[in-house]
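Throughout, protein chains are lettered first and strands after them, A, B, ... in sequence-line order, and every chain is numbered starting at 1. No hydrogens, no waters, no symmetry mates; every other heavy atom, side chains included, goes into these values.
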There are 2 protein chains.
Amino acid sequence: MENANPTVPQRLKPRKTPIQARSGVTVEAIHEAAIQVLLADGLARLTTTRVAERAGVSVGTLYQYFPNKEALLFAILQRHFEEMAESLERVSLHGRKRPLSDLADSLADAYVAVKIARPEATTALYRVAGAIDQFRLSTGVYKRLQDAVVRALANASDASFNDVERVAFTLLSALAGVSRGTFGKLVSGSEVLDRLRDETRLLSRAYLKAAADARPSV
Amino acid sequence: MENANPTVPQRLKPRKTPIQARSGVTVEAIHEAAIQVLLADGLARLTTTRVAERAGVSVGTLYQYFPNKEALLFAILQRHFEEMAESLERVSLHGRKRPLSDLADSLADAYVAVKIARPEATTALYRVAGAIDQFRLSTGVYKRLQDAVVRALANASDASFNDVERVAFTLLSALAGVSRGTFGKLVSGSEVLDRLRDETRLLSRAYLKAAADARPSV
DNA sequence: TACCTAACTGAAGGATTGTTCAGGTATAGG
DNA sequence: CCTATACCTGAACAATCCTTCAGTTAGGTA
């Protein structure tokens, strides 16, 4: 599983004359089923059969969408990272110059928003992260997150950075850490998530300010 | 594995007339073997047999020291957390008042020092973390880390905090995030680890300062 | 309606794993 | 040397698990 082929989730034999999926089965449905199994039974009991069962299809069908189990897990993580990337890219969408403190808040909010949107899914995903080869994530999707932050930071009206990529990396990692920690102690929907928003804002603003001051330009 | 009994690693039948362990087997040796297997083959291929083999003993012997596989993994994580706790507790050892910026640096250094001490082990441990029930860690050993930071922060000569525990939690989580991220992209002993020290210091100082300013007392 | 074929099924195969336990081994004490 | 016993061994067992594929189902097309 650790050395399997990192194939993209996809129908293996694309139809020439596409028809409706008989049981409404989609990749999304399998994703969802996997997350549910993950939450109910843990990573150790996440089996292809169980996921298929939960999705209302047979194992065979699952293997038509994903070449193997690892590809399924990888796809789930990848989708989450892409959601996160979109959220972060939205920060610098209109490209107007803004104060750094504003940007800091926006970045923190963008990050937290994705995590908070579906707390159960987030919790489940943290379990998968350890099972997947970190490398493949770093080199691939993770770069997009970093680029999004770099582009956002370029819109700061009152600050500039010496090593933007490093700053983006640290900020993302720190946000990830606080988020992971918070969800780790999360029991049920509580006020902990409100704290998360406040703390990440505080953290983001403080760090970015400090990082900018290290090599001021304005 | 997910619901197994969290037993402490220990000789099951303590001898009345202790003899030398025949093959020099200790819990430490098994720990080390597990880390090596983890690095060489990944979490998916970490089997009890393989660990025992690597440690130079038979599976049966391994099961005299650990009741099951999960207990082994848990023990490894626990040991690491205890090292970290000791390191953090050393920050406020002599109990003298110090400037907050000093404390911030010391805390960051204390954290990073443990991670850097044995990079391979750190990398391996991050893989285990996902497989173990997060709850058991939070409620147990993690509390000790947080307490250590709280006690350290109490020694700040020029700042005080509104909600120290929350600050300690956020700081620890952020440090963990940056550390995890750095080790995730770590290929071989490079200058990335130097950056880690700098970035964690910057982050720690900036966040603690901001958190203290939120409710100043001096 | 009849045929084609993409989509789906699920029992079976092959491989691996966690754990046990009956038996072997070496040390301390007499 | 002999016995007791703590310690170690590793083949065997039961339980899963991932993956395959020959056969079935149902939508599209003529």
It should be established whether [X] places a side-chain nitrogen or oxygen under 4.0 Å from OP1 or OP2 of nucleotide [N].
X	N	result
Tyr63(B)	dC8(D)	no
Thr61(A)	dA7(C)	no
Ser58(B)	dT9(D)	yes

Nearest-Å distance for atom pair [atom1]/[atom2], residues [X] and [N]:
X	N	atom1	atom2	result
Arg45(A)	dC18(D)	CZ	P	13 Å
Asn68(B)	dT20(C)	CG	C1'	13 Å
Phe66(B)	dC7(D)	CZ	P	15 Å
Leu62(B)	dG10(D)	CG	P	14 Å
Lys69(A)	dC17(D)	NZ	C1'	8 Å
Glu53(B)	dG18(C)	CD	P	13 Å
Gln64(B)	dT19(C)	CD	P	15 Å
Leu43(A)	dT16(D)	CG	C1'	15 Å

Detail all sub-3.5 Å separations between protein N/O atoms and N/O atoms belonging to nucleotides 13-16 of chain C.
none

Do the side chains of [Y] and [X] get nearer than 4.5 Å, heavy atoms only?
X	Y	value
Leu103(A)	Arg205(A)	no
Leu153(A)	Leu107(A)	yes
Thr48(A)	Asn68(A)	no

Worksheet item: Taking NZ, NE, NH1 and NH2 as the nitrogens, is one of them in Glu28(B) or Arg79(B) under 4.0 Å from a carboxylate oxygen of the other?
Response: yes
Practice prompt. Indicate yes or no: does Glu89(A) engage Arg144(A) in a salt bridge with an N to O separation below 4.0 Å.
Written response: yes
Worksheet item: Distance under 6.0 Å and angle within 45° of the ring axis: does Lys69(B) meet both against Phe74(B)?
Response: no
Worksheet item: Of the nucleotides dT9(C), dG18(C), dG10(D), which has the atom closest to the Val59(B) side chain?
Response: dG10(D)
Discussion item. For a quick check under 3.5 Å, do Tyr126(B) and Ser179(B) share a side-chain donor-acceptor pair by atom type?
Written reply: yes
Worksheet item: When we call it a touch if two heavy atoms are under 4.0 Å apart, what does Leu46(A) touch: a base, just sugar-phosphate, or nothing?
Response: sugar-phosphate
Worksheet entry | Gly60(A) or Thr49(A), whichever maps to the more 5' nucleotide of DNA chain D | Thr49(A)
